[in-house]
Protein chains: 2
Amino acid sequence: MKNLAPPEKRVDGPSQRGQFKKRASILEAAADVFCRQGFAGASIDEIAVEANVSRQTIYNHYCEKETLFVAVVDDVLKRANSMIFSMLATFPVNADNLEEDLVAFAIRINKNCICNQDGKFLRRLVQNEGERYPHLFETWRQQGPGRIISALGALFARLSASGALKIEDFDVAARQFLALGNADLQIMMLFGQTPSDEQLESAARNAVRTFLRAYGTATSPERPDLAAVSG
Amino acid sequence: MKNLAPPEKRVDGPSQRGQFKKRASILEAAADVFCRQGFAGASIDEIAVEANVSRQTIYNHYCEKETLFVAVVDDVLKRANSMIFSMLATFPVNADNLEEDLVAFAIRINKNCICNQDGKFLRRLVQNEGERYPHLFETWRQQGPGRIISALGALFARLSASGALKIEDFDVAARQFLALGNADLQIMMLFGQTPSDEQLESAARNAVRTFLRAYGTATSPERPDLAAVSG
DNA sequence: GACGTTTTAGACAACACTGTCTAATTTTAC
DNA sequence: GTAAAATTAGACAGTGTTGTCTAAAACGTC
């Protein structure tokens with residue numbers, strides 16, 4: 001890590017006029033290798049081979065290994081953030097068919113945000129390098145998860161206001177919804193495995209059933225005989 | 001990684017007659033450094049300094065870096081396993097004061113198994129090196145989480161049989177209990193932070209309240225007016 | 001086709017790390 | 001106190017990596 005980069009060498013490298021494909025290829029390969037090997041274990045040569053690019057080209061675009069790393073993290077963070085908010089936009093609006101809609105929503109979140117390559121990469125990277133390079137994730141840490149939970153909480157608030165759910169703390173409910181959605185997948189994901197569609201569906205069903213038992217109003221059909229027991 | 005270690009060099013090193021303190025000191029320092037830097041990023045010299053030991057001593061006890069790594073993983077896995085099962089032994093037996101007992105249980109699990117140093121180490125290690133050194137975690141992967149969930153599930157089954165809970169799938173309930181317990185702590189833990197006692201308690205309360213709403217029978221006091229709404 | 005830019009392969013120095021060796025020193029057992 | 005065992009500091013070769021440099025080749029644009 002050089003503290004003083006020579007000012008005549010631009011950090012941003014070529015690409016003013018094109019060669020976007022090279023950059024994209026490097027970013028993708030670097031994400032792969034950094035994810036597999038970690039920052040310390042990743043070698044520029046390995047990235048170059050995987051990107052079908054010469055090592056020098058990497059140094060032309062990103063003057064240091066750390067510059068490349070920062071660019072990869074930025075890229076993945078941006079993509080993951082836009083993905084999660086586009087998924088939040090598919091949250092069910094009305095409450096007819098709520099259970100099925102929530103199941104489908106949970107599947108989408110898990111499949112496209114948590115269990116995909118970007119999700120895996122982010123979990124690893126944050127966990128490994130978050131303490132070593134706090135500045136990389138600081139803004140995401142302060143805004144990312146908090147804003148996601150707030151947004152999801154607001155969606156649950158809407159359902160709660162319409163009487164479909166009965167929730168006191170919307171943010172807690174949002175966190176619990178996500179946590180329940182991962183409950184059956186966490187161990188797989190810890191080992192880097194990707195769940196099958198069947199596993200995704202089963203996990204989502206288990207999660208939503210429990211969530212609706214806790215927060216659903218009486219119209220939820222899936223709580224067979226609690227009223228009978230309580231009455 | 002040498003494939004053929006000279007047979008006259010014992011893998012287990014000295015310690016037949018004592019020097020346990022050195023070994024323990026090395027193991028502890030190595031766990032620390034491996035956890036912070038990963039396998040590739042950790043240097044033997046750094047471990048030696050942190051253990052207050054010369055580098056040669058490390059090589060005397062563990063002939064290769066990988067041997068040391070394996071020993072550290074074994075050590076942590078054994079300790080974590082024994083801790084989790086000793087915590088499971090404190091699961092509430094009877095159902096009077098169930099909510100408070102479950103809260104205390106969740107706090108104990110989180111504090112002593114999930115949020116402590118060993119838990120952090122294991123999460124990192126499994127996630128990072130689990131694919132590269134599958135043999136290290138294979139037996140734990142097959143037996144560890146599965147047996148933990150089964151054991152916790154059996155405890156919930158006991159409460160269910162006594163009528164205090166109403167659960168269909170005990171293993172699912174066990175996973176959900178643990179997932180709910182982590183719901184409020186996951187982001188902190190991802191960044192390597194350790195929750196305060198207040199945060200631990202609040203997280204456990206939120207988790208148990210929701211869990212009991214989903215699985216509790218009518219005797220649970222904390223579901224204020226579902227019956228009224230449903231009636 | 002010509003020109004400026006980008007890419008490439010390869011060589012290169014500087015550095016860090018692993019694992020070995022040795023000889024001196026300290027610790028431990030008896 | 002003595003002898004065996006363990007530890008230490010330091011030097012060392014071998015290796016891999018980063019980042020630089022150069023000259024040739026490929027590319028894109030006009």
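First the proteins, then the strands, lettered A, B, ... as listed; each starts at 1. Keep in mind the model is a prediction, meaning the values are calculated, not measured.
The nearest whole Å value for the distance from the CD1 atom in B:Ile47 to the C1' atom in C:dT18 is 12 Å. Atom pair A:Lys22:NZ and D:dG28:P shows a separation of 10 Å (rounding to whole Å applied). The distance between atom CZ of B:Phe20 and atom C1' of D:dT7, rounded to the nearest whole Å, is 17 Å. The distance between atom CD1 of A:Ile26 and atom P of C:dT7, rounded to the nearest whole Å, is 8 Å. The interatomic distance linking A:Leu68 (CG) with D:dT17 (P) rounds to 16 Å, in whole Å. Here the C1' atom of nucleotide C:dT20 and the OH atom of B:Tyr62 are 20 Å apart, to the nearest Å. The CZ atom of B:Phe69 sits 14 Å away from the P atom of C:dT18 (whole-angstrom rounding).
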Detail all sub-3.5 Å separations between protein N/O atoms and N/O atoms belonging to nucleotides 23-26 of chain C.
none

Filtered N/O pairs between nucleotides 12-17 of chain C and protein, under 3.5 Å:
none

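For the OP1/OP2 pair of D:dG28 and a distance below 4.0 Å, the side-chain nitrogens and oxygens of A:Lys21 include no atom meeting the criterion. In this model, the phosphate group of D:dT7 is approached by a side-chain N or O of B:His61 to a distance below 4.0 Å at OP1 or OP2.
No cation-pi contact links A:Arg132 to A:Phe39, judged by a cut-off of 6.0 Å to the six-membered ring centre and 45° from its axis.
Minimum atom distance to the side chain of A:Thr57 is reached by C:dT8, of the listed D:dG19, C:dT8, D:dT8. Each of D:dT8, C:dG19, D:dT20 was ranked by its minimum atom distance to the side chain of B:Tyr59; first place goes to C:dG19. Side chain of A:Gln56, nearest nucleotide from C:dT7, C:dC21, D:dT20: D:dT20.
Proximity of a side-chain donor or acceptor of B:Asp169 to a complementary backbone N or O of B:Val172 within less than 3.5 Å is detected. Side-chain atoms of A:Asn182 never come within 3.5 Å of backbone atoms of A:Leu185 as a donor-acceptor pair (strictly under, hydrogens ignored). Remark: side-chain polar atoms of B:Arg124 are paired, donor with acceptor, to backbone N or O of A:Gln127 under 3.5 angstrom. In terms of modelled atom types and a separation under 3.5 Å, the side chain of A:Ser150 and the main chain of A:Gly146 share a donor-acceptor contact.
Under 4.0 Å is where a charged nitrogen must lie from a carboxylate oxygen, and between B:Arg23 and B:Glu28 no such pair does. Using a 4.0 Å cut-off between charged side-chain N and carboxylate O, B:Lys111 and B:Glu201 make no salt bridge. Salt bridge absent: A:Glu46 and A:Arg55 never bring a charged side-chain N and a carboxylate O closer than 4.0 Å.
Axis angle across the helix from C:dG1-D:dC30 to C:dC30-D:dG1, with five pairs used at each end and values rounded to 10°: 40°.
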**Message:** Test ring-ring contact (aromatic ring centres under 6.0 Å, His included) on B:Phe170 and B:Phe177; report intermediate values, then the result.
**Reply:** CA-CA 10 Å; B:Phe170 304 119; B:Phe177 182 81; over 10 Å; no
**Request:** Step by step, work out the ring-ring contact (aromatic ring centres under 6.0 Å, His included) result for A:Phe69 and A:Tyr62.
**Result:** CA-CA 9 Å; A:Phe69 182 67; A:Tyr62 309 95; over 10 Å; no
**Request:** Go through the steps for B:Arg175 and B:Asp171 under the test salt bridge (Lys or Arg N to Asp or Glu O under 4.0 Å), then give the verdict.
**Result:** CA-CA 6 Å; B:Arg175 282 193 291 267; B:Asp171 286 8; 5.2 Å; no
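Taking the six-membered ring for Trp and the full ring otherwise, the centers of A:Phe34 and A:Phe121 sit at least 6.0 Å from each other.
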